[in-house]
**Student:** 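Got a structure here, written out as structure tokens. Questions coming.
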Amino acid sequence: MIIIKSENEIKIMKEAGRVTAGVLERIKSAIKPGITTIELDQIAEEEILKNNMAPAFKGYNGFPASICVSINEQVVHGIPSDRVICEGDIVSVDVGVRYEGYHGDAARTFAVSPVPDEAKRLIKVTEQSFYEGLKYCNTRYRLTDISHAIQEYVESNGFSVVKDFVGHGIGKSMHEDPQIPNYGRPGRGTRLASGMVFAIEPMVNMGTDEVSVLLDNWTVVTNDGKLSSHYENTVALTDGEPIILTTIE
Ligand code: MG
């Protein structure tokens, strides 16, 4: 069942989203060769706590950290560790924040220069695929219109979308109905309505869409070892244009 949020609930989620986006800005300026992924996690947690909010990922199904850090062939859910970031890495950072019982969820992929042009293009296409989906994120459309737009854009650029993990509704729970695949035929699923809030999160692979979970039970990697990129925002639906909640404005 999709839970519709009131204007006031969306206002609270905008606050959570603002801090979520702020954390990613902090990470963006901190990320450089030589820093470890656990240091990035500490920066994120400090930023969240400073704003009197809570790191939503920490303890979620036993996840041990405040952010997921997924490097190169890692798709999502990488666990912060003493791994050192290197020149040429592409680093996906996913952060979740809880505030007054509501959640913000967003992810970005950062290139640690110099990286090959094709890796930069992967990151750009992943980000743009979110915006292609966003065009269908209002009450004139159905749920899978978002999914279809993302898949079509990604595949027309020669990359593949991950099918094993999907976007989701978000509110009092970090993962609510509906699931939002990044693929599929258009015109299906629920008709979109004002007050729905979604985390739309394309995960895009340079090679095939096949992925596996490592023995740590968290880290998802591409089976072919090629690069993967992730981009996510929490978005509120209105009668008119969708509102991205995970921005610093
Ligand atoms: Mg998410």
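Start at 1 and go down the list; that is how both ligands and their atoms are numbered.
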**Student:** How many N, O or S atoms of the protein are nearer than 2.8 Å to the Mg ion (ligand 1)?
**Tutor:** 4
**Student:** How about E118: does its CD atom have over 12 heavy atoms from other parts shown lying under 6.0 Å from it?
**Tutor:** yes
**Student:** Identify whether NZ of Lys or CZ of Arg in R191 sits under 6.0 Å from the centre of the six-membered ring of Y141 and within 45° of that ring's axis.
**Tutor:** no
**Student:** Aromatic ring centroids of H175 and Y60 under 6.0 Å?
**Tutor:**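 Here the rings of Y60 and H175 have centres that are less than 6.0 Å from each other.
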**Student:** Under 6.0 Å between ring centres: does that hold for Y136 and H148?
**Tutor:** no
**Student:** Pick out which of D164, T219, T222, N223 makes a side-chain hydrogen bond (donor to acceptor under 3.5 Å, both in side chains) with S212.
**Tutor:**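 The option that passes is N223.
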**Student:** Looking at S92, S228, S229, which hits side-chain hydrogen bond (donor to acceptor under 3.5 Å, both in side chains) with T126?
**Tutor:** S229
